[in-house]
There are 2 protein chains.
Amino acid sequence: MLSQAEENYLKEIYALGEETQKLVSTNSIAKKMRTKASSATDMLQKLANKGLVDYTKYKGARLSKKGETRAMVIVRKHRLWETFLVDKLGFSWDEVHDIAEQLEHIQSKTLTDRLDAFLEYPSHDPHGHPIPNTNGKIVASESIILAELKVDQEGIVVGVKDASDSFLKYLNKINITIGDTIKIVEIEPFDNSVTIDNNAQQITISGNVAKNLYIKS
Amino acid sequence: MLSQAEENYLKEIYALGEETQKLVSTNSIAKKMRTKASSATDMLQKLANKGLVDYTKYKGARLSKKGETRAMVIVRKHRLWETFLVDKLGFSWDEVHDIAEQLEHIQSKTLTDRLDAFLEYPSHDPHGHPIPNTNGKIVASESIILAELKVDQEGIVVGVKDASDSFLKYLNKINITIGDTIKIVEIEPFDNSVTIDNNAQQITISGNVAKNLYIKS
DNA sequence: CTTATTTTTTAGATTAGACTAAAAATATTT
DNA sequence: AAATATTTTTAGTCTAATCTAAAAAATAAG
Ligand SMILES: [Mn+2]
Ligand SMILES: [Mn+2]
Ligand SMILES: [Mn+2]
Ligand SMILES: [Mn+2]
C-alpha cells in the first residue's frame, strides 16, 4: 500500500508528464509538491526502488507502466469526488479541489466504483477533465484550446486547462462556464488578447486565458 | 490540526469512556488501537500536553472538554459517512466501518454539514448509533437492551451495541435488523439465553447477543 | 506485610518524510 | 574551453509514530 505522500507524488508526476510527454525534472516536481528539491530526490529514489518510476540521476523521471496504473486510480478518485461534491452536495467548481485532494486517498475499490455508479458514470469532472474508467482508461477527447480558433469561428467551452482557484473565480466573474457557446469577434495580434461573444455579451480576455480554455467546435 | 493517529486515539478514548464513565486505562486504549501499551503512553502524554486529555501517570486518562469537542466531530463524521455509504451507495451495515474509519478524517466542516443536509439530517447511523449534530450535541435516546425485557414484553430493535463485522453478519443470518419488532417468548435462567419471536419466526439467541441489541418499547 | 504478578512508564531504536547546508553534476556565459 | 550559474544529489538533522526491553509503580496473593 502506498502512503498519501507517495500517491501525491505519483499523481503530480503523471500531471507533469502528460503536458510535456518527456522526462520530468526534480525541480518541477518539487515545485508542484511545494517542497524542496532534496525531498523530491528522496521520493524519486523510493518510487524508483518500488518500480513505480523510471528514474535516472540528474536526468529526470517518468512513470513506469506500474506507476501509471496507480496514478490513474488516484486521478479517477479525485475527479469522481469532485463531481460528487459539485453535482450532489452543491459545491461550486472553485471549492472542490482541496477536499478532493484528501478524498482521493480513500482506499476502497468498491467505494470508488459505487460512487461512479451513483454519479451515473460521468465522463468528465466539473473542470471538464476526463474521468478514467474502472480500468484506468481515459476516453480521448478531441477538444482544442480557445486560442487556436480564428475570427468568426465558434465553439463550446468543454473544460479548463488551469483549474486553480483564481482562474475559476475569474471565469465566474466574467460569466464563462462549461457549456457556453463562444464566438471569436477579434484577435489582437499585439498581445494575443481575444474579444469574444458569449451569451450576447462581448468581452476581451487575455491570450493567457484563451490558452486555458478547452473548446469543442 | 490533529494527525489521523491523534484523531483515532481521541475517538477510542471517547468510546471507552462512554461505557464505563470512569478513567480509561493505558492497556485498554492500547488494545482498542491494536498497538502496544508503550505507544499508548506516548500518545497519552502528547494529547495531555495539547490539553486534549486529562491524564495522570499510572492512573489513567479521560477526555478534557476540548478533547471531547474534537472527538464528537470525528464521531459525527464517521456516522454520517456510514449513513451515506448505506443509504446512497447501497452498502450493507457490515461493510461500512473500515471505509468510514478513513473518511472520518477528511477535514472540511462545510463538507460535513453539506453531507448532513444531503442525507436529510439523519439522527442515527446504520447501526442505530446517534449522530452528533453540527454543534457536537447528541440527542439522548431512551433505549434499553434486549436483555432487560421480561417475558411477553415486546420492543423495536433500534440499534446494536457491538457493531463488529461478525456480530452484524450473525444478525443478517438470523434475520434481525433495525426496525424489527421483537417479542420475548422465554428466558432461560441457566445461561440467560432468550427465545424471541420476530416476523413470526421463533429463534433463541444467547445472553451475549441479548446484551448487544438496543430496544425501544 | 512481604513477595509475586500485572500494569504502566521510560529508554533507546527504527522508519517515513521533511528540512538545511554542502558537494557534485550539468548547463550557460563569457 | 574556462568560468560561472543552475540544478540535482548527498549528508546529516528533526519530528511523529511505532516497536522492544528494561525499570518503576500498583495490585494481588500468600
Ligand atoms: Mn492528495
Ligand atoms: Mn478537476
Ligand atoms: Mn480512523
Ligand atoms: Mn456505526
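Just so we're on the same page: letters track the sequence lines, and every chain starts at 1. Side-chain atoms are counted along with the backbone in the values below, which use heavy atoms only and exclude waters and symmetry mates.
Residue A:Thr35 places its side chain closer to C:dA18 than to any other of D:dT9, C:dT20, C:dA18. Counting only heavy atoms from C-beta on, B:Gln45 has its side chain closest to C:dT9 among D:dT9, C:dT9, C:dT8.
The base of D:dT8 is not paired with the side chain of A:Ser38 by any donor and acceptor separated by under 3.5 Å.
You'll find the ring centres of A:His78 and A:His97 inside the 6.0 Å limit.
The CG-P distance, from B:Asp42 to D:dC19, rounds to 10 Å in whole Å. As a whole-Å value, the separation of A:Met43 CE from C:dA16 C1' is 8 Å. In this structure, B:Tyr58 atom OH and C:dT5 atom C1' are separated by 15 Å, rounded to whole Å. Here C:dT8 presents its P atom at 11 Å from CG of B:Leu23, a figure rounded to the nearest Å.
Here B:Ser39 lies in heavy-atom contact (under 4.0 Å) with a base. When heavy atoms are screened at a 4.0 angstrom cut-off, A:Ala37 is found touching base atoms of the nucleic acid.
Between C:dT9 and B:Thr26, a contact under 4.0 Å exists linking OP1 or OP2 to a side-chain N or O. Between A:Lys36 and D:dT8 there is no side-chain N or O to OP1 or OP2 distance below 4.0 Å.
Remark: B:Glu6 does not engage B:Arg70 in a salt bridge, criterion side-chain N to carboxylate O under 4.0 Å.
Using modelled atom types, one finds a donor on one side chain and an acceptor on the other under 3.5 Å when comparing B:Asp113 with B:Thr134.
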